[in-house]
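Everything below concerns the one structure shown next.
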Amino acid sequence: MKVLVPVKRVVDHNVKIRVRNDGSGVDLANVKMAMNPFDEIAVEEAVRLKEAGIATEIVVVSIGPAQAQDVLRNALAIGADRAILVRTETPPEPLAVAKLLKRIAERESPELILLGKQAIDDDANQTGQMLSALLGWSQATFASHIAVADGAAVVTREVDGGLQVIRARLPAVISVDLRLNEPRYASLPNIMKAKKKPLEDLAAESLGVDIGPRLTVVATEEPTVRQAGVRVGSAAELAGKLKEAAGVF
Ligand code: AMP
């Protein structure tokens, strides 16, 4: 079974982001970038499926600038076999990503597409759902456990009220949640080996889909700064402060 794993290059989750002065977006100049954390979980799951003898090949794909090669090499070091960079300088919206991934899926014919439930930069949580609709494939979102057997994936999903278990016929698109697994670190020998693994470079235009933006960012703002708290000496003082804040005297 071939598994396709889309991985996005995003601002590293440890970086404190800054908004550009003109409010047009986040300042990406000299900022450390990394693989979207949910996509690391998706790569890890694909590698575990391969180690279990269920997956035979893992192909990772990233849509973005030439520098997105870094996250692809990282995925190859974790255990993916082959990588595809779909190169575009314009950051694509989820619909454009889904259309490009559909083209890649048509070329590669994977039985399973494992992707992150959301990218931590746009927090869209849309790409997997759109991709499964465009392909007409089964979909399972927010997976916290995946078991593949007999042409289907039994997926435990994290839903508001608890856990839901569904069976999705393959081919399927599965988006992964935080508790699915704990991704491994790539070892130094595997980082070296990853340099020799195949990485195909494709121009997004060559895939013949309209990836033009449909949204305009109207404003981007920093979250409001939280006021410092007040330390109280006793429960009575706390009750007094609360009454005061509520306007009850
Ligand atoms: P989103 O819908 O933007 O929150 O992203 C959900 C998932 O779609 C991510 O976790 C990735 O697996 C995949 N994805 C989104 N954008 C890209 C991209 N530019 N390249 C590769 N995969 C992407």
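Order of appearance sets the numbers: ligands from 1, and atoms from 1 within every ligand. Model, not experiment: these values are computed from the prediction.
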Report the nearest protein non-hydrogen atom to atom 16 (N) of ligand 1: residue, atom name, distance rounded to 0.1 Å. K8 CD, 3.3 Å
Sort out for me which residue in E44, E40, E45 forms a side-chain hydrogen bond (donor to acceptor under 3.5 Å, both in side chains) with N181. E45
For ligand 1, find out whether one of its N or O atoms is nearer than 3.5 Å to an N or O atom of A119. yes
So which of I104, L85, L100, T88 actually passes side chain to side chain contact (heavy atoms under 4.5 Å, CB included) with L202? I104
Side chains of M35 and V60, heavy atoms from C-beta outward: is any pair under 4.5 Å? no
Flag I63 as yes when one of its N or O atoms lies below 3.5 Å from any N or O atom of ligand 1, and as no otherwise. yes
Atoms of ligand 1 less than 4.0 Å from N125 heavy atoms? 1 (P), 2 (O), 4 (O)
Could an N or O of ligand 1 be found under 3.5 Å from any N or O of D123, whether backbone or side chain? no
Quick one: look up the protein heavy atom nearest atom 8 (O) of ligand 1 and list residue, atom name and how far away it is. T127 CB, 3.3 Å
Quick one, D121 and V26 - any side-chain contact, counting heavy atoms below 4.5 Å? no
Keeping D81 on the side-chain end and I58 on the backbone end, is there a donor-acceptor pair under 3.5 Å? yes
Evaluate G116 for polar contact with ligand 1, using N/O atom pairs at a separation under 3.5 Å. yes
Which segment of D39 sits under 4.0 Å of ligand 1 when only heavy atoms are counted: side chain
Could you check Q118, E158, R157, K117 and say which one makes a side-chain hydrogen bond (donor to acceptor under 3.5 Å, both in side chains) with T141? R157
List ligand 1 atoms under 4.0 Å from A124, heavy atoms only on the residue side. 1 (P), 2 (O), 3 (O), 4 (O)
Give the atom numbers and elements of ligand 1 that come within less than 4.0 Å of a heavy atom of D122. 1 (P), 3 (O), 4 (O)
Is V61 near ligand 1, meaning one of its heavy atoms is under 4.0 Å from it? yes
If we number the atoms of ligand 1 from 1 as shown, the ones under 4.0 Å from a heavy atom of N36 are 9 (C), 10 (O)
Any side-chain heavy-atom pair from I146 and L114 closer than 4.5 angstrom? yes
Looking at side-chain heavy atoms only, is the closest gap between V7 and N74 below 4.5 Å? no
Taking only heavy atoms of Q126 into account, list the atoms of ligand 1 that are under 4.0 Å away from them. 2 (O)
With heavy-atom distances below 4.5 Å as the criterion, would you say the side chains of Q67 and M33 are in contact? no
Is P6 in polar range of ligand 1, meaning some N or O pair under 3.5 Å apart? yes
Can you check whether V5 reaches D39 side chain to side chain, under 4.5 Å on heavy atoms? no
May I ask you to identify, for V97, whether its side chain, its backbone, both or neither come under 4.0 Å of ligand 1 on a heavy-atom basis? side chain
For ligand 1, does V7 get within less than 4.0 Å through its side chain, its backbone, both, or neither, judged by non-hydrogen atoms? backbone
